[in-house]
Enquirer: 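After the structure tokens below, expect a handful of questions from me.
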Amino acid sequence: MSGRTGCAVLPPAVRASLGPVAVLAGLVVVVLGALYAGRGEPGPVDTRVVDPTADSVRGPWRDVALALDFLGEPLGSVLLVGAAVTGCLLLRRPRAAVLTVAGAGAGVGSATLLKHLVGRTIHGDGNLSYPSGHTAFATALALAAALFATGRLGLGRGAGMSLVLGAALAAGAAMGWAQVALGAHYPTDVLGGWCTALAVVPATAWLVDRAADQKASRKASRKAGRTADAGRSEAR
């Protein structure tokens with residue numbers, strides 16, 4: 001379907017390339033989950049990156065980390081998603097608004113489910129840590145915005161993939177740094193959260209497009225049927 005309100009949220013230019021990326025990201029999530037299932041301590045990769053159990057930031061950088069962390073909390077995330085949805089609707093892109101909500105929800109929901117399945121903890125048994133929901137949320141929102149921009153600007157595959165992956169990397173790195181710096185997650189939790197969003201958002205975008213196209217097709221069929229009925233009535 002064409003038109004201002006019917007633009008695909010998974011642009012054809014990046015659709016084929018994002019598929020393998022999503023599959024690879026999903027495999028990384030599974031492998032890391034299997035490696036750290038039921039554990040409550042950092043792995044070798046975590047300790048090489050930073051002391052993952054320490055609150056390692058002070059001064060103004062701590063304020064930055066706390067501000068980023070707030071954006072992944074319930075209130076901050078609702079405000080952020082609300083602003084993004086409002087922007088999509090003002091630009092007459094309802095599909096993009098749906099993907100913003102559905103993509104963020106799928107990312108956080110998948111991360112929450114995986115936390116209970118994997119059972120990795122930090123700072124005690126009650127703190128499930130893998131994968132990072134904050135990182136999954138930030139990455140999912142960035143992916144939705146980048147997919148929207150790719151379609152709106154009419155970017156080709158190379159430019160589109162660069163924008164999509166660059167936005168995901170920037171958002172995931174920023175939120176992931178905050179989570180590790182504040183001692184809330186291990187570095188591998190952050191990687192798992194980033195890959196969770198990369199795995200679920202493209203699939204969510206495909207489903208949003210499919211549902212919207214099917215709805216539009218049914219609407220067009222009904223309209224065509226009414227037109228045909230009217231034509232037959234006039235012929236009589």
Side-chain angles (χ1 to χ4, degrees), residues 8-11 14-15 17-30 32-33 68-89 93-115 118 128-152 160-180 184-185 188-211:
V9 290
L10 187 59
V14 299
R15 188 176 300 154
S17 299
L18 273 180
V21 170
V23 171
L24 179 60
L27 288 175
V28 172
V29 172
V30 172
L32 289 177
L68 288 169
D69 180 71
F70 170 75
L71 294 177
E73 292 295 317
L75 178 58
S77 61
V78 167
L79 293 174
L80 203 56
V81 169
V85 168
T86 300
C88 291
L89 295 178
R93 290 294 193 274
R95 283 199 202 186
V98 172
L99 177 61
T100 298
V101 177
V108 174
S110 298
T112 301
L113 176 61
L114 285 166
K115 281 182 179 180
V118 174
L128 297 173
S129 66
Y130 180 89
S132 166
H134 280 64
T135 307
F137 166 76
T139 306
L141 204 60
L143 281 169
L147 288 171
F148 167 75
T150 296
R152 186 172 177 83
M161 285 299 295
S162 296
L163 176 60
V164 169
L165 295 180
L169 181 60
M175 183 62 79
W177 166 79
Q179 297 308 299
V180 173
H185 283 284
T188 44
D189 295 335
V190 167
L191 178 59
W194 187 68
C195 288
T196 297
L198 280 175
V200 302
V201 172
T204 303
W206 181 84
L207 289 172
V208 169
D209 279 336
R210 183 173 176 81

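In what follows, every heavy atom counts, from backbone to side chain, and hydrogens, waters and symmetry copies are set aside.
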Enquirer: Using 0.5 Å steps for rounding, measure from the CG atom of Leu27 to the SG atom of Cys195.
Expert: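 Rounded to the nearest 0.5 Å, the CG-SG separation comes out at 10.0 Å.
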Enquirer: Hey, mind stepping through Trp194 and Leu169 against side chain to side chain contact (heavy atoms under 4.5 Å, CB included) and telling me if it holds?
Expert: CA-CA 8 Å; Trp194 187 68; Leu169 181 60; 4.2 Å; yes
Enquirer: Check whether any side-chain heavy atom of Leu18 sits under 4.5 Å from a side-chain heavy atom of Val201, and report yes or no.
Expert: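 Side-chain contact under 4.5 Å: no.
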Enquirer: What heavy-atom pair brings Ala111 and Gly133 nearest, and what distance separates the two atoms?
Expert: CB-CA, 3.9 Å
Enquirer: Would you compute the distance between atom SG of Cys88 and atom CZ of Arg152 and round it to the nearest 0.5 angstrom?
Expert: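 Those atoms lie 10.0 Å apart.
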Enquirer: Nearest 0.5 Å, please: how far is CG in Leu68 from NE2 in His134?
Expert: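 With rounding to 0.5 Å, NE2 (His134) is 10.0 Å from CG (Leu68).
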Enquirer: Is there a donor-acceptor pair under 3.5 Å between the side chain of His185 and the backbone N or O of Val190?
Expert: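 It does not hold such a pair.
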Enquirer: Say you draw a straight line from CG of Leu198 to CG of Leu165; how long is it, rounded to the nearest 0.5 Å?
Expert: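 Nearest 0.5 Å value for the CG-CG distance: 7.0 Å.
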Enquirer: So do Val21 and Met161 actually touch side chain to side chain, heavy atoms under 4.5 Å?
Expert: yes
Enquirer: Taking all heavy atoms of Leu89 and all of Ala97, pick out the closest pair and write down the distance.
Expert: CD2-CB, 3.9 Å
Enquirer: Could you please spell out the steps behind the side chain to side chain contact (heavy atoms under 4.5 Å, CB included) verdict for Tyr130 and Val29?
Expert: CA-CA 9 Å; Tyr130 180 89; Val29 172; 3.9 Å; yes
Enquirer: Distance-only, no hydrogens or angles: does the Asp189 side chain make a donor-acceptor pair with backbone N or O of Pro131 under 3.5 Å?
Expert: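 No; judged by distance alone, with no hydrogens or angles, the pair does not exist.
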Enquirer: Evaluate the side-chain proximity of Val81 to Phe137: yes if any heavy-atom separation is below 4.5 Å, no if none is.
Expert: yes
Enquirer: Residues two or more places apart in sequence or in another chain: which of them pass side chain to side chain contact (heavy atoms under 4.5 Å, CB included) with Ala146?
Expert: Leu163, Val164, Ala167
Enquirer: Work out which heavy atom in Thr135 is nearest to a heavy atom in Gly176; give both atom names and the distance.
Expert: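 Where Thr135 meets Gly176 most closely, the heavy atoms are OG1-CA, 3.8 Å.
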Enquirer: Grab the two heavy atoms, one from Leu147 and one from Ala205, that are nearest each other, plus how far apart they are.
Expert: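 Result for this residue pair: CD1-CB, 4.3 Å.
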Enquirer: Do any N or O atoms from the side chain of Thr139 and from the backbone of Ala136 form a donor-acceptor pair under 3.5 angstrom?
Expert: no
Enquirer: Just wondering, do Pro11 and Val14 contact through their side chains at under 4.5 Å, heavy atoms?
Expert: yes
Enquirer: Please report the interatomic distance CZ(Arg93) to OG1(Thr100), rounded to the nearest 0.5 Å.
Expert: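 It comes to 12.5 Å.
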Enquirer: With no hydrogens and no angle check, is any side-chain donor or acceptor of Arg15 less than 3.5 Å from a backbone partner on Leu10?
Expert: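 Checked: pair present.
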Enquirer: State, to 0.1 Å, how close Ala197 and Pro202 come at their nearest heavy-atom pair, and which atoms those are.
Expert: O-CD, 3.9 Å
Enquirer: Quick check: closest heavy atoms across Ala96 and Val9, and the distance to 0.1 Å?
Expert: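 Of all heavy-atom pairs spanning Ala96 and Val9, the closest is N-CG1, 3.5 Å.
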Enquirer: Side chain of Trp177, backbone of Gly172: donor and acceptor closer than 3.5 Å?
Expert: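 Side chain of Trp177 to backbone of Gly172, a donor-acceptor pair under 3.5 Å: no, none is there.
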